[in-house]
Amino acid sequence: MAGVGKRVSAESAAMSKPLPTRNNPALHGRWTVDESAQVYGLNDWGKGYFGVNAAGNLQVQPTRDPARAIDLRELVDGLRERDIGTPVLVRFPDLTRQRLQDLYDAFATAIEDNEYAGRYRCVYPIKVNQQRFVCEEIRDLGGRFGFGLEAGSKPELLAVLGMTVGHNELPIVCNGFKDREYIAAVVLATKLGRNIIPVVERFRDLELIVEEAERLGVRPQIGLRIKPAARGAGKWSASAGIRSKFGLSASYVLRALAFLQERGMADCLEMLHFHIGSQLSDIRRLKSAITELAYFYAELSRRGAGLNTIDIGGGLGVDYDGSQTSCESSMNYTVAEYASDVVYRIKSACDDAGVPHPTIFSESGRAIVAYSTALIFDVLGTAEIEAIADVASIRAALEARPEDDQPQPIHDLLLAHDSLTDRTMVEAFHDAVQARDEAMSLFTLGYIDLEMRAAAETLFWCVCRNVLERGRKRRELPEELEDLIEAMADIYYCNFSVFQSMPDSWAIKQLFPIMPIHRLGEQPTRLGTLADITCDSDGKVASFVDRRDDKHVLELHELREDESYYLGAFLIGAYQEILGDLHNLFGDTHVVHVGLENGGWVIREVLRGDTVKEVLGYVGYNTDELVRALRQDVERAVSTKTLAVGEGRSLLGSYLSGMAGYTYLQ
Ligand code: PLP
């Protein structure tokens, strides 16, 4: 996705790129927190919900007011005092509330500006984050704006039905595959007084709804999902279009209306729905799809359907990389623009056709919950490339050999090293690459020994380091040498699992903002990539948000003795929790809910992460059996004197406490 739709022009991208800050003398001096904010693009992706305070700590500002903030470093220390370590998932309910308010306000303004006669309601699709606390918050906070919930499966429907007891006014939209049981539950919920709309995704759904409604004596509210020709853009564009998985084509839509008319139920067809894909990055796609949907609506209304609602599905994006462009991790519009376009397009089509303005539903999920969850994790250590060598000793060792045992590639590497200047650095780099490759081939063929191979590797990295240092001093690096930055980056080993906490980063290369949560008053002097603690080489993060283009290294601080270094991954509240898996048996992390209260913050909820015993249980182990088996083995070893009694006790003790402990490193 490099550069797609980003502000950097093709011309400027082709030019050499200014180097990141590592050891950049031009940027030494007093480093400010504003410079840190700039390095990490905080004001771009943070949208005012995140800021850096004078102590150099990252803070969450749920209401965008820097004076009402949660200092993340302070929070992590507070959690440690309560024996809750990292990694920890932190949810900020006040930020969810703010997102709901922002969405409501954007549509209220658009409705007023366009003199629109209908109202707007969001139905939160619980699949985006089904956690009970999240859904209940949205039910309670969103309920004040008339917002509701969307279920996309039978289990989700059952959760929603239980969750909305006493909330009959909330709209409930039911999507997804439906069998008779699912539909019977919806029809009975109507009898119970719920404001519930099953959406017909296949013609068979309609037949079942009508059969169950007749059997149970209910007049249901029915929604139809159409297949718009217009598609979204990006990863989820296949959610719409003529060949999409869900929805009715135009001819089936007409058949559906006729089917209902024949049974005197045309008035039950109350809602038209579509979903053109999640994370809509380009507003133009939405505009044409909305117009298409609105014309379906107008025409079906004129043909006698009892329509009163248009559901525009999900798709409202999140600007993960802060670039405000149409690239996949961003969006080239604001929430206000989204609302304005939706309202204006629907109004125009309805006015043209002379039909009343419908209520507008959106199934916005990502846009509501993404911001309100962050993962905080600690760095366990780093690995750096060995790029400092005693060149004189290598030279001496080479020259001490008989002439016919002095490999030519090592001479070439020494020459590249010695002849390197600002002017010749590209040439010297090319020579070094060639000599290094030749040395590796000669080693594989058995012509050079391990000592000379090691010399080749070391000299090669020395040349690379020298090239990078020169680039840094000049503040630019020729484009063809840019990959060197990544190749020479440090690896920061981090106490989390990508597969559990940010699965989309691995599965679909989704970018999430990641940055230190403290030491932001200090210049980050290292460049690194992140590796998680799974034993999988895919368990890493090597793409980071950047306004110009995604970058492959992150600016980080040097680790200090006896001081933890914490990083945060942000905007992970949508989809990540439920998609996360148990790779390497790393389970759910601790979760805490933190709210604003009395001019400070307060921990409202603590959910302990999985213990080793729990995750072993998920995959079918009986841990009592495991302990019994180990105990017997220890006794056997003690009786044969291969283990002392004390050693056996110590092994069993750590086995038992490991079982009861967190799955992450403590
Ligand atoms: N509605 C439907 C039918 C969906 O399939 C989805 C997700 O793909 C959504 C709503 C939520 O979309 P988003 O999270 O992009 O708002």
Side-chain angles (χ1 to χ4, degrees), residues 96 99-100 102-103 106-107 120-131 134-135 138 142 147-154 156-157 160 171-178 182 197-202 205 223-228 231-241 244-248 271-283 285-286 289-290 293 309-320 328-331 333 335 338-339 342 360-373 503-504 507-508 510 512 571-579:
T96 310
R99 293 297 292 172
L100 289 164
D102 290 351
L103 192 57
F107 272 94
Y120 165 73
R121 311 177 87 172
C122 169
V123 283
Y124 168 71
I126 74 164
K127 72 171 169 189
V128 181
N129 190 331
Q130 297 104 334
Q131 297 292 329
V134 175
C135 293
I138 293 176
F147 290 4
L149 299 168
E150 185 258 11
S153 66
K154 196 155 57 179
E156 288 185 355
L157 172 67
V160 167
I172 302 171
V173 172
C174 304
N175 288 317
F177 277 102
K178 300 172 188 72
Y182 183 134
I197 309 174
V199 174
V200 174
E201 316 252 8
R202 301 171 305 151
D205 295 345
L224 276 193
R225 176 164 177 171
I226 68 156
K227 273 187 183 170
R231 303 163 68 134
K235 294 191 175 93
W236 290 277
S237 62
S239 306
S244 58
K245 178 169 156 191
F246 293 114
L248 303 188
M271 188 177 89
L272 266 201
H273 168 257
F274 76 6
H275 171 71
I276 60 165
S278 194
Q279 183 62 10
L280 290 171
S281 48
D282 188 349
I283 190 82
R285 309 290 182 128
L286 177 77
I290 294 278
L293 179 66
T309 302
I310 274 188
D311 179 343
I312 60 171
L316 176 56
V318 167
D319 189 7
Y320 289 98
E328 283 173 358
S329 292
S330 186
M331 55 198 271
Y333 57 95
V335 176
Y338 173 85
V342 167
I360 300 170
F361 280 8
S362 81
E363 298 173 0
S364 309
R366 186 187 295 273
I368 289 179
V369 293
Y371 286 89
S372 28
T373 307
D504 279 348
I508 56 168
Q510 167 78 56
F512 295 101
L571 276 50
I572 61 165
Y575 301 103
Q576 303 315 293
E577 270 183 78
I578 203 65
L579 291 176

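Order of appearance sets the numbers: ligands from 1, and atoms from 1 within every ligand. No experiment lies behind these values; they were computed from the predicted model shown.
- Less than 4.0 angstrom separates some heavy atom of G365 from each of these atoms of ligand 1: 13 (P), 14 (O), 16 (O).
- Contact annotation: for P125 versus ligand 1, heavy atoms closer than 4.0 Å belong to the side chain alone.
- Minimum interatomic distance between T96 and S372 (heavy atoms only, all atoms of both residues): OG1-OG, 3.0 Å.
- A salt bridge links K178 with E201: the distance from a Lys NZ or Arg NE/NH1/NH2 to an Asp or Glu carboxylate oxygen falls below 4.0 Å.
- In the candidate list H275, R366, H273, H275 is nearest to atom 6 (C) of ligand 1, counting heavy atoms.
- Of the polar atoms of E363, at least one N or O is found under 3.5 Å from an N or O of ligand 1, judged by distance alone.
- Listed by number with element, the atoms of ligand 1 under 4.0 Å from a non-hydrogen atom of Q279 are 15 (O).
- Residue contacts with ligand 1: A367 is excluded, as none of its non-hydrogen atoms falls under 4.0 Å.
- From I310, atom CD1 reaches atom CD1 of I360 across 7.0 Å, with rounding to the nearest 0.5 Å.
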- prompt: Given the rule in the side-chain contact (heavy atoms from CB on, under 4.5 Å) test, do N175 and E363 qualify, once you have shown the distances and angles that lead to the verdict?
  reply: CA-CA 11 Å; N175 288 317; E363 298 173 0; 3.2 Å; yes
- prompt: What's the verdict on side-chain contact (heavy atoms from CB on, under 4.5 Å) for I172 and V160, showing C-alpha distance, side-chain angles and the deciding distance?
  reply: CA-CA 8 Å; I172 302 171; V160 167; 3.8 Å; yes
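- The shortest N or O to N or O distance between G315 and ligand 1 is under 3.5 Å.
- Residues Q576 and D504 come closest through the heavy atom pair NE2-OD2, 2.8 Å.
- Here Y575 has side-chain heavy atoms under 4.0 Å from ligand 1, and that is the only part of it that gets that close.
- Atom numbering of ligand 1 starts at 1 in the shown order; those under 4.0 Å from a heavy atom of S364 are 16 (O).
- The two atoms that bring Y333 and L316 nearest to each other are CE1-CD1, 3.7 Å, heavy atoms only.
- The proximity of K127 to ligand 1, defined as any non-hydrogen pair under 4.0 Å, is limited to the side chain.
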